[in-house]
Asks: 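Sharing a structure, written as C-alpha cells. Questions coming.
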Amino acid sequence: MLRIGVLRFVALPRSSSFFFSTSSPKFLNPPTIRAKFASHSRTMAYTTSSGSSSKLLFRQLFEKESSTYTYLLADVSHPDKPALLIDPVDKTVDRDILLVKELGLKLIYAMNTHVHADHVTGTGLIKTKLPGVKSVISKVSKSKADLLIESGDKIYFGDLFLEVRATPGHTLGCVTYVTGDGPDQPQPRMAFTGDAVLIRGCGRTDFQGGSSQQLYKSVHSQIFTLPKDTRIYPAHDYKGFTVSTVGEEMLYNPRLTKDEEEFQSIMENLKLAYPKMIDIAVPANMVCGLQDLSERPAEPVAN
Ligand SMILES: N[C@@H](CCC(=O)N[C@@H](CSS)C(=O)NCC(=O)O)C(=O)O
C-alpha cells in the first residue's frame with residue numbers, strides 16, 4: 001500500500017493523533033499547508049443535516065447531462081480550510097471552482113472513484129486552473145494521476161480523513177471513499193460509492209473489467225459491513241434520489257438484496273446501451289481529463 005505519496009500532499013491535522021494506517025518505517029513528514037486564505041476566515045462552518053461534525057463542510061453537486069454527482073468536502077475548523085472534490089465533471093469545473101472560492105476553501109485534491117465511461121472527469125481541468133491541486137485515482141485503474149491510492153489508504157484534509165476501500169466490479173479500479181472512523185470524524189459516516197452502489201441500483205458490469213461476481217462481493221464485504229446509518233452518496237442518480245443509507249440499501253436495493261446467482265442474472269440481462277461518450281471519456285479519463293490526451297495513446301475499451 002502506498003502511503004508516502006498521499007502523505008506528501010496532505011494538510012496536516014493539528015492534533016497529535018495524525019496517523020496513517022501503515023506501520024511502514026518510510027513515514028515522511030508532509031509540509032503543512034499554510035493559511036493562504038486567511039482573508040476568508042469569516043466563512044462560517046457549514047454543515048449538513050447528514051453529519052454531526054461541526055468541522056465538515058459538505059456539498060452535493062449535480063451535472064445534469066451525465067446525471068453525475070460531484071461532492072465537495074472541507075475541514076472548515078482547520079485554518080487552511082482544506083477541501084477536496086470527489087468525481088468532478090469537466091463541464092461543471094467552473095461552477096465548482098467558483099464555489100470553492102466563494103466558501104474560502106483551499107482545494108487540495110480532485111479525486112475520482114474510478115475511470116468514468118459516460119463523461120470526462122474534471123480533475124485535469126481543475127489542475128490547469130488551480131495548479132496546487134493533486135489529482136487522485138486508484139493505482140489499480142492504471143490511470144495517470146498525481147496520487148495513486150490503494151485500499152486502506154487514508155486521505156487527510158485537515159483533521160478529517162477519507163478511508164479508501166477497493167470496490168471493484170463496475171470497473172476493476174473502482175474505490176469507495178468512506179469518512180473516517182474516529183471521535184472527531186463526521187457521524188454518521190459517509191460512503192462515496194462511485195458506481196458500485198447507486199441508490200436502489202448499482203453500476204453496470206459489462207465493460208472496463210467489470211464483473212458482477214466481483215461487484216457483489218465488493219458491496220457485501222466493503223459497503224454493507226459499514227454501520228447501517230452510514231450515508232450512501234453515489235456518483236450517479238437516474239431516478240431523482242440524492243442520498244441513501246447502508247441499512248436502506250440492504251433492505252430495498254432491488255439488485256443487491258438478491259443472492260449472488262440472481263444478482264448475476266439481473267446484471268447479465270440489463271440490456272443497457274453503451275454510454276454515448278464512452279470512446280472519448282475512457283481514454284481521456286485514463287489521464288485525468290482531455291487536456292493530457294496527446295501524451296498517451298487511446299486504449300481500446302474492452303472487457
Ligand atoms: N445513458 C447514459 C449511460 C447510463 C449508464 O450506463 N450508466 C452507468 C454508469 S455511467 S458508466 C451504469 O452503471 N448504469 C447502471 C444502471 O442500472 O443504469 C449515457 O449514455 O451516458
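Model, not experiment: these values are computed from the prediction. Note that the numbering runs from 1 along the sequence shown for the chain. Each ligand, and each atom within it, is numbered from 1 in the order the structure gives.
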Asks: Is there a donor in the side chain of H116 and an acceptor in the side chain of D87, or the other way round, less than 3.5 Å apart?
Replies: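 Yes.
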Asks: Residues in side-chain contact (heavy atoms from CB on, under 4.5 Å) with T225, at least two apart?
Replies: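 Testing T225 for side-chain contact (heavy atoms from CB on, under 4.5 Å), a comparison that skips the adjacent residues, returns R165.
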Asks: Can you pull every nitrogen or oxygen pair between ligand 1 and the protein closer than 3.5 angstrom?
Replies:
residue  : atom   : partner : partner atom : Å
ligand 1 : 6 (O)  : R204    : NH1          : 2.6
ligand 1 : 7 (N)  : Y238    : OH           : 2.8
ligand 1 : 13 (O) : R204    : N            : 2.7
ligand 1 : 17 (O) : R255    : NH1          : 3.1
ligand 1 : 17 (O) : R255    : NH2          : 2.8
ligand 1 : 20 (O) : K276    : N            : 3.0
ligand 1 : 20 (O) : K276    : NZ           : 3.3

Asks: Side-chain donor-acceptor pair under 3.5 Å between T245 and D229, yes or no?
Replies: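 Side-chain D/A pair, T245 to D229: absent.
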Asks: Look at the aromatic rings of Y216 and F263 and report parallel, tilted or perpendicular, splitting at 30° and 60°.
Replies: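 Judged by the thresholds at 30° and 60°, the geometry between Y216 and F263 is tilted.
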Asks: Could you tell me how the ring of F58 sits relative to the ring of Y71: parallel (under 30°), tilted (30 to 60°) or perpendicular (over 60°)?
Replies: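 The rings of F58 and Y71 lie parallel, inter-plane angle below 30°.
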Asks: Flag the pair D159 and K55 as a salt bridge only when some basic side-chain nitrogen lies within less than 4.0 angstrom of an acidic carboxylate oxygen.
Replies: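 Result for this pair is yes, salt bridge flagged.
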